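The sequence lines fix the lettering, A, B, ..., with proteins before strands; numbering per chain opens at 1. None of the values given here were measured: they were computed from a predicted structure.
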Number of protein chains: 2
Amino acid sequence: MRGNYDFHHASKKYCHSCVINACLGYFRLSGIIKVFLRKAKDPSMKNVFELTQCQSCEQRFTSVLCKARAEYLTEIDDHKILNQYKKGQVLFNEGASPFGVYCISSGKVKLSHLGDDGKEQIVRLLRDGDLLGYRALLSGERYTASAVALEDTHVCFIPKELFIRVLKSDANLSFEMMKLLSNDLHKAELKITHLAQKPVRERLAETLLFIKETYGYEGDGITLNVRLSRDEIANLVGTATESIIRLLSEFKKDGMLELDGKKIKITNAKDLLRAANLQD
Amino acid sequence: MRGNYDFHHASKKYCHSCVINACLGYFRLSGIIKVFLRKAKDPSMKNVFELTQCQSCEQRFTSVLCKARAEYLTEIDDHKILNQYKKGQVLFNEGASPFGVYCISSGKVKLSHLGDDGKEQIVRLLRDGDLLGYRALLSGERYTASAVALEDTHVCFIPKELFIRVLKSDANLSFEMMKLLSNDLHKAELKITHLAQKPVRERLAETLLFIKETYGYEGDGITLNVRLSRDEIANLVGTATESIIRLLSEFKKDGMLELDGKKIKITNAKDLLRAANLQD
DNA sequence: ACTAAATACTGATAAAAGTCATATTCCCTG
DNA sequence: CAGGGAATATGACTTTTATCAGTATTTAGT
C-alpha cells in the first residue's frame with residue numbers, strides 16, 4: 001500500500017495505465033473497449049494494428065505465448081487487448097491484483113521490487129516477445145513487483161480467465177511456462193549468489209554484459225540499445241548510485257567503455273568480461 | 001566440473017549417493033533395484049517401507065506431487081524408488097544431469113550453488129513433503145545447484161520420463177508445479193532485494209525467522225528444529241562466518257537468542273522480528 | 001576416553017562500499 | 001534560449017563488513 005503511493009508520487013507521473021487497467025478490470029472483455037482502441041486516430045497506433053495477429057506477430061517465434069496450439073492462439077488473438085505505454089508509464093504496480101498477462105510486442109520494460117525502505121530493486125529486464133505478469137497471476141497473489149516501460153512500448157493484454165483456461169487445456173504451453181519459470185528461477189538464484197559473493201565492480205561488469213545480452217547493440221555494434229539512468233543501473237546491480245558513477249568512469253578510464261550521457265558504448269567486451277570474473 | 005570435485009573433496013565424504021544415482025540412471029526402472037531395496041535388511045528401513053505408498057504418505061496433503069490425479073499417483077507409487085541419505089550425503093551435484101525428481105518423505109535438505117570462487121551459497125532449504133530437482137529437469141539443463149542432506153533423510157525418487165509424462169497429461173499437477181515455481185521465484189526475488197538493500201544484521205534476523213518458518217521448533221517450543229553450522233548460516237545469509245558468529249552473540253546479549261552449540265533457541269521472537277525490520 | 005581435526009570464537013586491521021556535501025552538466029519547458 | 005530542476009560527477013568522510021591471525025572449544029573416530 002505504502003509502497004504503491006510512494007512509487008507513484010516519486011515518479012511524479014500521472015498513472016494513466018492504472019486508470020486504464022482498472023477499467024480493463026471491469027470491461028476487458030466488452031467489445032466497447034476493443035472498438036474504442038481500434039478506432040483510435042493516433043497515427044502511431046497504425047503499425048500496431050498491422051501487427052495485431054499473433055500469427056503474424058514479429059515475436060511469434062520467440063514468445064512463449066505463441067507456443068500455444070493454433071486454435072488457442074486464435075482465441076487469444078480475438079480476446080487480447082492492445083495497449084501502449086509511454087516511457088516511464090506503469091503497466092502494473094506492486095500490490096495491485098493481476099487481471100491478466102502482458103505480452104510485449106515492442107519496447108522495453110523493467111520489473112522492480114520496492115525495498116522496505118522504498119529503494120527500488122530491478123529484478124528483471126524485459127524485451128519484445130517477453131511475457132509479463134504471469135508470476136503473480138500463477139501463484140494467485142497480488143503483484144509483488146511493478147512493471148514500468150523503459151521506452152515507448154506496445155503490449156498485448158490477455159485476460160486472466162482466458163490465459164488460465166488455455167494453460168489448463170494446452171499441456172504444451174503449460175510446459176513452456178514451466179520452462180520459463182525455471183529459467184527465471186535459475187537466473188534469480190544465480191543473481192543471489194553473485195550479490196552475496198561478488199564485489200560491486202564485478203557485478204557492474206556482469207550487469208553491463210547482461211544488458212547487452214538482453215537488449216543488444218544499436219546499429220553501430222557497440223552502443224547498448226537501451227537508456228538507463230545511473231540510478232537504474234545501481235538498482236539493477238544492487239548498490240549506491242555514486243558507486244556506479246565512479247565505477248563507470250573507472251571502466252571508461254580502463255578503455256572498456258565510452259560514455260555519452262545515457263549512451264554506453266562497450267569498446268572492449270573482452271576486458272569487460274574479464275572484469276566480470278565469470279567462471280561459467 | 002571444477003566445482004563438483006571441490007565440493008566432494010571439501011566435505012571429504014565418500015559420495016555414496018553419486019554412485020547410487022549413477023546406477024539409478026541406468027537401472028532405475030528395472031525391478032532388480034526395487035527388489036534389492038525392498039529386501040534390504042537394515043531395520044531403520046522398516047518404517048520407510050511402511051510409508052511406501054503415496055496415498056498413505058504423511059506428506060500427502062502438503063506435497064505438490066500428491067496433487068496428481070489418483071491414477072497417476074498410483075503409477076508414481078509403482079515406479080518410485082526409495083532412497084535414504086545420511087547427514088552430509090549428496091543427493092545430486094551441481095553439473096550433473098537430472099534423471100528424475102526427489103520427493104522428501106522425511107528429513108531436511110539444503111540446496112546450494114557454488115560461487116565462482118568456490119564459496120557455497122545456500123539458495124533453498126527443504127523439508128519433508130518438498131519436491132527437489134525439478135528446476136533443472138524442467139528447463140532441460142544440468143543441475144545448477146547441489147542438494148545435500150542436513151540430517152538423515154528419506155526420499156522418493158521419481159524417474160524423469162514418468163514425471164514428465166504425468167506432468168504433460170495432468171493439467172492440475174502442471175498448474176501446481178507452476179504455482180510452486182512462481183512461489184520459489186517470488187522468494188528468490190525477495191531475497192535479491194534484501195541482499196542488495198539490507199545490512200547483515202537484519203538479514204540474519206530474517207534468516208533465523210525463515211528457518212523457524214521452514215523447520216519450526218523442537219518440542220520445547222523455542223529451539224530451532226535444525227542444526228546448522230555457523231558457516232552454513234553465513235552461506236544462507238550471504239556473508240562471512242565471523243560476522244554471523246559476532247551477530248549471533250550480539251543477539252544473545254540482546255536477549256533474543258540462547259545459544260548452545262548448534263542449538264539456537266529463540267527467546268524473544270518479537271525483538272528478533274523487529275531486528276529483521278520487515279515491512280511486509 | 002583420547003586424539004586429531006573441524007568448528008567456533010575473539011581481536012586487530014584492512015578494504016569495500018555507503019553517505020553526505022557540493023559542484024557541474026544536462027535537458028526540458030516556458 | 002534562458003532558467004530551473006534533475007541527473008551526473010567528484011571529494012571527504014563514515015560505516016559496514018571482510019580478512020587475517022590466533023586461541024579455544026567441540027566433534028568425530030579409533
Rounded to the nearest angstrom, tell me the gap between atom [atom1] in [X] and atom [atom2] in [N].
| X | N | atom1 | atom2 | answer |
| --- | --- | --- | --- | --- |
| B/E232 | C/dA6 | CD | P | 15 Å |
| B/R203 | D/dT16 | CZ | P | 14 Å |
| A/K119 | C/dG18 | NZ | C1' | 10 Å |
| A/D260 | D/dA7 | CG | P | 18 Å |
| A/I244 | C/dT19 | CD1 | P | 13 Å |
| A/L204 | C/dG18 | CG | P | 12 Å |
| B/R227 | D/dT27 | CZ | C1' | 14 Å |
| B/N235 | D/dA18 | CG | P | 12 Å |

Among the candidates [options], find the nucleotide nearest to the side-chain atoms of [X].
| X | options | result |
| --- | --- | --- |
| A/I245 | C/dA17, C/dC9, D/dT10 | D/dT10 |
| B/R246 | D/dT8, C/dG18, C/dG11 | C/dG11 |
| A/R230 | D/dT10, D/dT8, C/dA17 | D/dT8 |

Query raised in the report: Is a salt bridge present between A/R201 and A/E250, judged by a nitrogen-to-oxygen distance below 4.0 Å?
Result: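 Salt bridge flag = yes for A/E250 with A/R201.
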**Report entry** Residues A/E120, A/K110: salt bridge by 4.0 Å N-O rule
**Finding:**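 A salt bridge links A/E120 with A/K110.
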Query raised in the report: Between B/K262 and C/dT7, does any side-chain N or O lie under 4.0 Å from OP1 or OP2?
Result: no
Query raised in the report: For C/dG18, does either OP1 or OP2 sit under 4.0 Å from a side-chain N or O belonging to A/S243?
Result: yes
Report task. Under the salt bridge (charged side-chain N to carboxylate O under 4.0 Å, His left out) rule, what do A/K265 and A/D220 come out as? Steps first, then yes or no, please. Result -> CA-CA 9 Å; A/K265 294 172 203 275; A/D220 63 359; 3.7 Å; yes
Requested in this report: Verify whether one side chain among B/N93 and B/S146 offers a donor that lies under 3.5 Å from an acceptor in the other.
Outcome: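 Looking only at side-chain atoms, B/S146 and B/N93 do form a donor-acceptor pair, the distance falling under 3.5 Å.
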Query raised in the report: Are B/I122 and B/L228 close enough that some pair of their side-chain heavy atoms sits under 4.5 Å apart?
Result: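 SC-SC contact between B/I122 and B/L228 ruled out.
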**Report entry** Sugar-phosphate, base or nothing in reach of B/T239, heavy atoms under 4.0 Å
**Finding:**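 If one applies the 4.0 Å heavy-atom cut-off, B/T239 turns out to touch the sugar-phosphate alone, with no base involved.
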Query raised in the report: Is any side-chain N or O of A/E242 under 3.5 Å from a base N or O of C/dC20, one able to act as donor and the other as acceptor?
Result: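 Indeed there is one.
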